[in-house]
Amino acid sequence: MFVDAKRFKEADVKDGLSVYKDFTLEEVKEVEDLVLDFVISTGSVDRDSDRINPNGWRLDAFNKNPVVLFAHDYTSPPVATAIATWVEDGKLISRAKFTPKEVYPF
């Protein structure tokens, strides 16, 4: 069952609901084989009515181990490594190098 953000926020103990995050894919740009650029954050208001200024991201800790996880699942191996992350036109963008199928078939 899918519910809108308002219904989810109002649910008691989340009423046994499974949570699936929703996002809008703005643009994915292939740079070279297994390397893609992603918009990973903007200054837009999210479904919890939060807004993060892209210029405010502190990436020092992330850059020490810049792994890209599928669906933020830290129990599975990373699917890529962020090789560059920057702010451009009000968007936080990351360039990721994906793991070859021979190394990680997922």
Side-chain angles (χ1 to χ4, degrees):
M1 171 174 78
F2 291 95
V3 297
D4 63 22
K6 182 178 185 286
R7 162 84 165 77
F8 179 78
K9 287 179 185 179
E10 292 171 350
D12 288 331
V13 191
K14 303 309 174 214
D15 290 340
L17 300 173
S18 295
V19 178
Y20 293 91
K21 294 187 176 187
D22 184 28
F23 68 96
T24 302
L25 187 61
E26 288 187 18
E27 180 180 349
V28 177
K29 177 183 172 190
E30 185 170 13
V31 177
E32 59 186 63
D33 192 34
L34 298 177
V35 176
L36 301 173
D37 285 355
F38 294 90
V39 174
I40 57 175
S41 184
T42 68
S44 300
V45 176
D46 68 14
R47 68 180 169 274
D48 290 322
S49 300
D50 296 326
R51 179 189 309 251
I52 299 174
N53 182 336
N55 293 312
W57 282 94
R58 294 183 184 171
L59 300 171
D60 297 338
F62 172 73
N63 288 332
K64 290 178 182 177
N65 186 30
V67 297
V68 177
L69 304 174
F70 177 75
H72 299 268
D73 180 4
Y74 61 87
T75 64
S76 296
V79 294
T81 300
I83 55 177
T85 305
W86 67 95
V87 175
E88 181 180 306
D89 298 327
K91 299 173 183 176
L92 184 64
I93 300 172
S94 186
R95 178 167 290 159
K97 171 91 174 158
F98 283 78
T99 307
K101 286 182 189 177
E102 302 79 43
V103 175
Y104 184 43
F106 178 77

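Worth saying up front: this structure is predicted, and the values here are computed from it rather than measured.
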* To do: Look up atom OG in Ser44 and atom CZ in Arg51, then write down how far apart they are to the nearest 0.5 Å.
  => 7.0 Å
* Give the minimum heavy-atom separation between Ser94 and Thr85, together with the two atoms involved. => OG-OG1, 3.4 Å
* Reported CH2-to-CD1 distance for the pair Trp57 and Ile52, which is rounded to 0.5 angstrom -> 4.5 Å
* **Remaining members of hydrophobic cluster (4.5 Å side-chain criterion), Tyr74** => Val67, Leu69
* To do: If the plane angle is over 60° it's perpendicular, under 30° parallel, otherwise tilted; pick one for Phe106 and Phe70.
  => perpendicular
* Asked: Sub-3.5 Å donor-acceptor pair from the side chain of Asp50 to the main-chain atoms of Asp46, do we have one?
  -> no
* Asked: Taking C-beta and beyond as the side chain, do Val68 and Pro78 meet within less than 4.5 Å on heavy atoms?
  -> no
* Structure fact -> Glu88 meets the side-chain hydrogen bond (donor to acceptor under 3.5 Å, both in side chains) criterion, sequence neighbours left out, with Trp86
* **Nearest atoms (heavy-atom pairs only) where Pro54 meets Gly43** => CG-N, 3.7 Å
* **Under 3.5 Å donor-acceptor, Arg95 side chain and Asp37 backbone** => no
